[in-house]
Each structure stands twice: as structure tokens, then as C-alpha cells.
Amino acid sequence: MTPSEFIKRKRPVAHGRQALAAILLIASASFSQAQAPTRSGGSLPVLGDTSELPASAERRLGDRIASSIYRDPDYLDDPVLGDYLQGIWQPLMTAARARGDLSADLEERFAWEVMLIRNRTINAFALPGGYLGVHLGLIGVVESRDELASVLAHELSHVTQRHISRLMSKQSQQMPWMLAAMILGMMAASKNPDAANAAIAGGQAIAVQNQLNFSRDMEREADRVGFGVMADAGFEKQGFATMFDKLQQASRLNDNGSYPYLRSHPLTTERIGEAKGRLQLEGSASSASAVSAEGVRARVVHAMMAGRARLLGDVSTEALRQLLAQAQRVPLSAAEGLKPREAGALYAGALAAARLREHSQARSLADRLTTAAAASPSMVNAVELLSLELDMAAGRAAPAPKLANGKSRAAVLLQSQADLAAGRPQDVSDRLQTWVSTHPKDAMAWQLLATAQGQQGQTLRAIRSDAESRVAQLDFGAARDRFKAAQDLMRSGRDTGSGASAHIDGSIIDTRAREIDQLLREQALQEKLDR
Ligand SMILES: [Zn+2]
């Protein structure tokens with residue numbers, strides 16, 4: 001049995017697993033190809049002695065991988081956690097840019113996208129082309145945004161230091177599609193801790209993983225550069241040390257199963273020593289006990305987001321019951337000065353209660369957070385969004401409330417969902433038309449817009465929005481099918497649109513259909529060259 005067959009067998013069978021199955025299929029094909037590299041060796045493109053894969057080629061490789069991830073049921077677009085991650089990611093990008101670690105050229109060519117993966121194990125990884133993956137398990141286990149920042153800064157530095165391109169160019173005898181398949185295969189293997197161990201014992205996967213792992217020197221460089229980026233971005237440097245402690249503890253317990261991060265990032269004595277030395281040099285090693293008032297508030301918000309990640313990582317009834325019980329154990333007297341752990345428990349408990357359809361319970365837990373948030377402005381945004389979610393879950397069709405941070409992506413999308421549920425599609429169209437004009441790659445926004453347009457009988461526009469959501473997730477084939485369907489509808493004259501607006505819709509659809517056709521042709525040509 002090949003490792004991937006083993007994984008396939010171990011995976012729980014559920015609907016919507018086709019994407020993963022497809023990934024595994026490609027992966028097993030690539031394993032067998034990798035065994036006989038000489039067979040087609042003569043026709044492979046030679047990249048020469050360049051030490052780096054060109055940025056454009058690395059991005060193409062990344063796009064291939066990303067388009068598979070988008071279709072995987074474990075890819076998760078949670079706008080609330082997404083905004084939280086962006087609040088950490090954007091300052092890191094700004095700092096990397098200011099330090100000269102991130103060139104303007106690389107910034108423009110790469111995607112710089114952080115993808116959330118529905119997986120309870122502790123992991124984060126950098127992919128070719130500026131895509132990063134973060135497991136829910138990592139967010140659920142770190143105790144501060146600074147710890148999360150230390151991991152993201154490290155991964156960001158692997159990308160900016162072109163470690164990935166150097167690894168990939170070492171593999172330049174492999175075809176790009178095969179590289180993509182290898183990476184996807186490793187990711188699939190890492191999804192199930194038991195299966196991953198078995199796969200690694202299986203031998204073939206060891207070879208693949210060793211080829212794709214960063215060298216010790218690269219790890220040390222990512223630590224060094226990442227530390228600088230994180231410090232310049234204004235995060236507590238201590239987060240770097242406490243994250244190391246956490247990983248060290250896990251590695252002592254030999255907890256590699258739930259910490260795949262340790263497999264790809266072995267903690268060597270040099271790494272630990274250098275990290276400690278850096279902190280001492282900066283003179284911040286002793287500041288662990290002195291957390292500022294602002295720092296404490298940030299920890300409370302982080303604890304709520306960690307609670308959300310834990311909930312989304314396991315929505316079984318048993319797990320929801322456990323989260324609810326934890327929330328109910330938070331003493332009532334705590335409401336005023338909630339400790340981070342208590343706020344996290346109340347937040348996760350409220351969401352769990354809503355999923356268990358215990359809506360009044362959910363509301364009373366959330367109300368305690370609202371009371372606490374009155375004294376802590378940084379909590380307000382998270383608590384307001386929670387409240388909106390609970391209203392939706394309970395089927396309350398009240399008009400979407402004004403939110404303190406109404407311009408955030410989470411606010412825009414959650415309010416749109418609430419308006420859709422309450423039968424106000426016109427409001428949704430108005431809000432999201434503006435949003436997608438500045439965020440054209442927001443697949444979820446396009447999807448919601450398509451629903452709102454469909455509800456208003458704007459079939460042509462709805463199909464176009466649906467098509468755009470496929471484009472945003474790099475599924476150009478599906479997008480072309482939809483644009484074609486829209487064109488057929490126009491020609492049949494059955495669409496309800498009329499006059500000038502129908503004409504404008506029609507010309508937009510024709511233009512976009514041509515652009516996507518062109519994209520697909522270029523992609524097919526590139527694939528021929530890659531082979
Ligand atoms: Zn690393």
C-alpha cells in the first residue's frame with residue numbers, strides 16, 4: 001500500500017472529499033514518477049545553473065497549489081479569523097518592506113495570501129509564490145498575537161529570502177506540475193497525524209519531505225530575519241521566546257503528531273541558543289512579567305480568537321458541549337475584569353451554544369462579554385460581530401446594526417449575510433458592489449452578491465458574480481463555463497434586464513469571457529512548456 005492509499009483509507013468518508021482525493025491521486029502519480037526520473041529526463045526544461053527559480057515561475061507553481069487548496073473542503077474562509085490574521089500579517093509585511101527584506105518586484109509578483117486550514121494540528125507553512133497556510137490548531141494553542149506573529153514572521157522570511165525558490169531550483173530536474181503534486185501530497189499527508197507518521201515510515205515520503213525541507217541554515221536565517229521583522233512591526237519580542245518554549249516542550253513530549261510544525265522545523269540547539277542570545281542582546285528577556293495594560297487587552301482579544309479557532313476546528317456535538325461547559329464554569333464575578341482565558345471560554349461557549357441551538361444560553365454568555373467590552377474598546381469589534389452571528393443563528397431578522405468597525409471585511413460580509421437572511425437583498429447588492437470594486441479577489445463577497453442578485457431576479461448579473469468568485473479562486477475553467485452560460489442567456493433574450501443597464505451588463509460579460517478565454521489559452525500553453 002502506498003502512503004497515499006493509506007491516507008485515503010484512513011480519511012473519514014464524507015461528501016465533498018473529491019478535491020482531496022484528486023490531490024492524493026496526483027500525489028501518488030508523482031511519487032511513482034519521482035522514482036524513475038530518467039524515463040522522461042531528456043525532454044525536461046533545463047533551468048541551468050541559476051540558484052533561484054524566477055519569481056514568475058514560482059508564482060505559477062504557487063497558483064497551481066493554491067487552486068487545489070481552494071477546492072479542498074478543509075480550506076476555510078472565516079472572515080473574523082481572517083481579519084485577525086490580517087491584523088498581524090499586514091504590519092509584518094510593512095516592516096519587511098521598510099527593512100528592505102521585501103523588494104517591490106517580489107511584492108508585486110507574489111500573492112501574499114494567508115490561507116486558513118481547518119485542521120487541529122499545530123502548523124504553519126510557506127508555499128511557493130507567497131501563499132502561506134495557517135492551521136486552526138496553531139491559532140488555538142498560541143497565547144498571544146505576538147506568538148502568532150513570530151511564526152508568521154518566520155514563514156514570511158522563508159519567502160522573502162527566496163528559500164523556496166532555492167529549494168525548487170534544486171528540484172529543477174522535476175517538472176513544475178510534479179513539484180506542485182509533491183507539495184500537495186505532503187500537505188495531504190500532514191492532515192492526519194497517524195497517517196503522516198505512517199507515510200514517513202513508508203520511505204518514499206521521507207525522500208520527498210527531505211527534498212522539500214528547508215536546510216538548517218535557512219531555518220536559522222528565517223529565525224534571524226523573522227525576529228527583526230516582528231520586532232520592527234511592533235510586536236512583543238518575548239513572543240518569539242515563548243513560542244520556542246512551547247515548541248520545545250512539545251518536542252520533549254515527542255508530540256510530533258499534533259505538532260507537524262516540529263517535523264518541518266526541528267528545534268536544533270543552535271536555533272534555540274541563537275534565539276535566546278538575540279533576546280538577551282535586545283535586553284528584553286526579563287520583561288516577561290511586565291505586560292502593559294494594552295498588552296493585557298490584546299491578550300483578551302487573542303483568547304477570544306483562539307476560542308473561535310478551537311471551535312471551528314472541531315464542531316462535533318461532544319466538542320461543542322465541552323466548550324459550553326467550560327464557559328458555564330467561568331465565575332459570574334469575573335465579568336468586569338475578565339482574564340483572557342475566561343473571555344476565550346465565554347466567546348467559544350456562546351458560539352457553541354448557538355450551534356447547539358441553545359440560543360438564550362448563547363445570548364447570556366455573550367452579554368457577559370458585552371459588559372466587559374464596555375471597559376475595553378479593543379474587545380468591542382469582536383463582541384459586536386459575535387452578537388451579530390448569534391442573532392443570525394437564532395433567526396432574528398432585525399436590521400443589521402451599526403458596527404464600531406463597519407468597514408472591516410468581517411463586518412461587511414457578516415452584515416451582508418444578516419441582510420440576506422432577513423430578506424434585504426437590495427442592501428446587500430449596494431454594499432457588495434462597492435466592496436468587490438475594491439476587492440475583486442474576494443470570492444466570498446462575489447458569492448454573497450450572486451445570491452443577492454439572484455433573489456432580485458437579476459439572473460445575468462448573478463451568473464457573472466458567480467463566475468467572478470471562481471476567477472478569484474483561480475478556477476478559470478469553471479468561470480469560463482459560467483460566462484458562456486451568461487452569454488447563451490443573453491442571446492436567448494430571456495434575461496429580465498432591460499435597456500441601457502442590460503447593454504452594460506452584456507458588454508462586461510463579453511469582455512470578461514474573452515479575458516478568461518485568453519487566460520486559459522496562456523495557461524494551456526504554459527502547461528505544455530512545463531511538460
Ligand atoms: Zn522554517
Side-chain angles (χ1 to χ4, degrees), residues 66 69-70 75-94 107 110-118 130-134 136 138-139 145 148-149 152 156 233 298 301-302 304-309 311-312 347 351 373 377-393 399-422 424-425 427-453 465-466 468-474:
I69 295 176
Y70 286 134
Y75 165 73
L76 176 70
D77 181 2
D78 180 64
V80 174
L81 285 180
D83 279 0
Y84 185 63
L85 280 178
Q86 284 302 313
I88 297 169
W89 178 247
Q90 290 306 327
L92 293 175
M93 288 282 288
T94 305
E107 182 165 8
F110 278 9
W112 305 112
E113 191 180 325
V114 184
M115 304 166 113
L116 204 51
I117 313 290
R118 198 195 316 265
Y131 290 97
L132 272 86
V134 174
L136 284 176
L138 176 69
I139 304 175
R145 63 201 295 270
L148 201 48
L152 291 180
L156 170 63
V301 174
H302 173 79
M304 293 195 287
M305 293 302 110
R308 185 180 185 87
L311 177 126
L312 293 175
Y347 184 97
L351 280 176
S378 52
M379 275 178 76
V380 169
N381 188 34
V383 176
E384 279 185 346
L385 291 171
L386 171 68
S387 180
L388 185 54
E389 275 184 285
L390 298 185
D391 276 348
M392 265 192 278
K402 277 248 168 292
L403 301 176
N405 187 8
K407 291 203 163 56
S408 72
R409 176 172 187 257
V412 166
L413 297 186
L414 282 180
Q415 283 185 315
S416 299
Q417 282 169 348
D419 281 335
L420 273 180
R424 287 187 299 270
D427 293 357
V428 177
S429 291
D430 293 347
R431 186 186 297 117
L432 291 182
Q433 289 284 9
T434 316
W435 179 263
V436 296
S437 67
T438 49
H439 302 82
K441 288 183 180 163
D442 192 332
M444 190 186 278
W446 280 113
Q447 262 316 311
L448 290 169
L449 182 56
T451 308
Q453 289 163 331
S465 297
D466 187 24
E468 296 292 357
S469 84
R470 311 294 157 149
V471 175
Q473 298 203 329
L474 311 176

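These numbers were taken from a predicted model, which means no experiment stands behind them. By convention here, the first residue in the shown sequence is residue 1.
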Side-chain heavy atoms of Val436 within contact of Leu449, under 4.5 Å:
yes
Checking Ala306 now: which residues fulfil side chain to side chain contact (heavy atoms under 4.5 Å, CB included) with it, not counting sequence neighbours?
His302, Arg310
Mind checking what makes side chain to side chain contact (heavy atoms under 4.5 Å, CB included) contact with Ala309, not counting sequence neighbours?
Leu81, Leu136, Ile139
Please enumerate all residues that pass ring pair (Phe, Tyr, Trp, His ring centres under 6.0 Å) together with Tyr131, with sequence neighbours excluded.
none
Sequence neighbours excluded, the answer for side-chain hydrogen bond (donor to acceptor under 3.5 Å, both in side chains) partners of Gln453 is Ser465
Any donor-acceptor pair under 3.5 Å linking the side chain of Ser387 with the backbone of Val383?
no
Considering all heavy atoms of both residues, which atom of Ala411 and which atom of Gly406 are nearest to each other, and what is their separation?
CB-O, 3.6 Å
Could you check Tyr84 against Leu148 for side-chain contact (heavy atoms from CB on, under 4.5 Å), going step by step and ending with a plain yes or no?
CA-CA 11 Å; Tyr84 185 63; Leu148 201 48; 4.2 Å; yes
Determine the minimum heavy-atom distance between Leu385 and Ala410, stating which atoms define it.
CD1-CB, 3.8 Å
Return the CG to CD distance between Asp419 and Gln415, rounded to the nearest 0.5 Å.
7.0 Å
Can you name the side-chain hydrogen bond (donor to acceptor under 3.5 Å, both in side chains) partners of Ser408, sequence neighbours left out?
none
Criterion side-chain contact (heavy atoms from CB on, under 4.5 Å) on Leu76 and Met115, from CA distance to verdict
CA-CA 8 Å; Leu76 176 70; Met115 304 166 113; over 6 Å; no
For Thr451, what residues pass the side-chain hydrogen bond (donor to acceptor under 3.5 Å, both in side chains) criterion, not counting sequence neighbours?
none
For residues 440-448, tabulate all N or O donor-acceptor pairs below 3.5 Å that involve a side-chain atom, not counting sequence neighbours.
unit_1 : atom_1 : unit_2 : atom_2 : d
Asp442 : OD1    : Arg409 : NH2    : 2.8
Asp442 : OD1    : Met444 : N      : 3.3
Asp442 : OD1    : Ala445 : N      : 3.1
Asp442 : OD2    : Arg409 : NE     : 2.7
Asp442 : OD2    : Trp435 : NE1    : 2.9
Trp446 : NE1    : Pro440 : O      : 2.9
Gln447 : NE2    : Asp466 : OD1    : 2.8
Gln447 : NE2    : Ser469 : OG     : 2.8

Quick one: salt bridge (Lys or Arg N to Asp or Glu O under 4.0 Å) pairs with a partner in residues 79-90, sequence neighbours left out?
none
Report the C-alpha separation of Leu152 and Val134 in whole Å, then their side-chain angles, then the decisive distance to 0.1 Å, and conclude whether the side-chain contact (heavy atoms from CB on, under 4.5 Å) test is met.
CA-CA 9 Å; Leu152 291 180; Val134 174; 3.7 Å; yes
What distance separates Phe110 CZ from Leu132 CG, expressed to the nearest 0.5 Å?
11.0 Å
Just wondering, do Val80 and Met305 contact through their side chains at under 4.5 Å, heavy atoms?
yes
So how far is it from Asp430 CG to Arg424 CZ, rounded to the nearest 0.5 Å?
12.5 Å
I'd like to check His439 versus Val412 (side-chain heavy atoms, cut-off strictly below 4.5 Å). Are they in contact?
no
Please round to the nearest 0.5 Å and tell me the distance separating atom OH of Tyr75 and atom CZ of Arg118.
11.0 Å
If you round to the nearest 0.5 Å, how far is CD1 of Ile117 from CG of Leu138?
12.0 Å
Test side-chain contact (heavy atoms from CB on, under 4.5 Å) applied to Leu413 and Leu432, step by step
CA-CA 8 Å; Leu413 297 186; Leu432 291 182; 4.2 Å; yes
Side chain to side chain contact (heavy atoms under 4.5 Å, CB included) partners of Ala233, counting only residues at least two apart
Pro91, Leu92, Ala95, Phe235
Glu107: side chain to side chain contact (heavy atoms under 4.5 Å, CB included) partners, not counting sequence neighbours
Met93, Arg97, Leu102, Trp112
Mind checking what makes salt bridge (Lys or Arg N to Asp or Glu O under 4.0 Å) contact with Glu113, not counting sequence neighbours?
none
The reported gap from CZ in Arg145 to CG in Leu85 (rounded to nearest 0.5 angstrom) is 11.0 Å
Which residues share a salt bridge (Lys or Arg N to Asp or Glu O under 4.0 Å) with Arg308, sequence neighbours left out
Asp78, Glu389
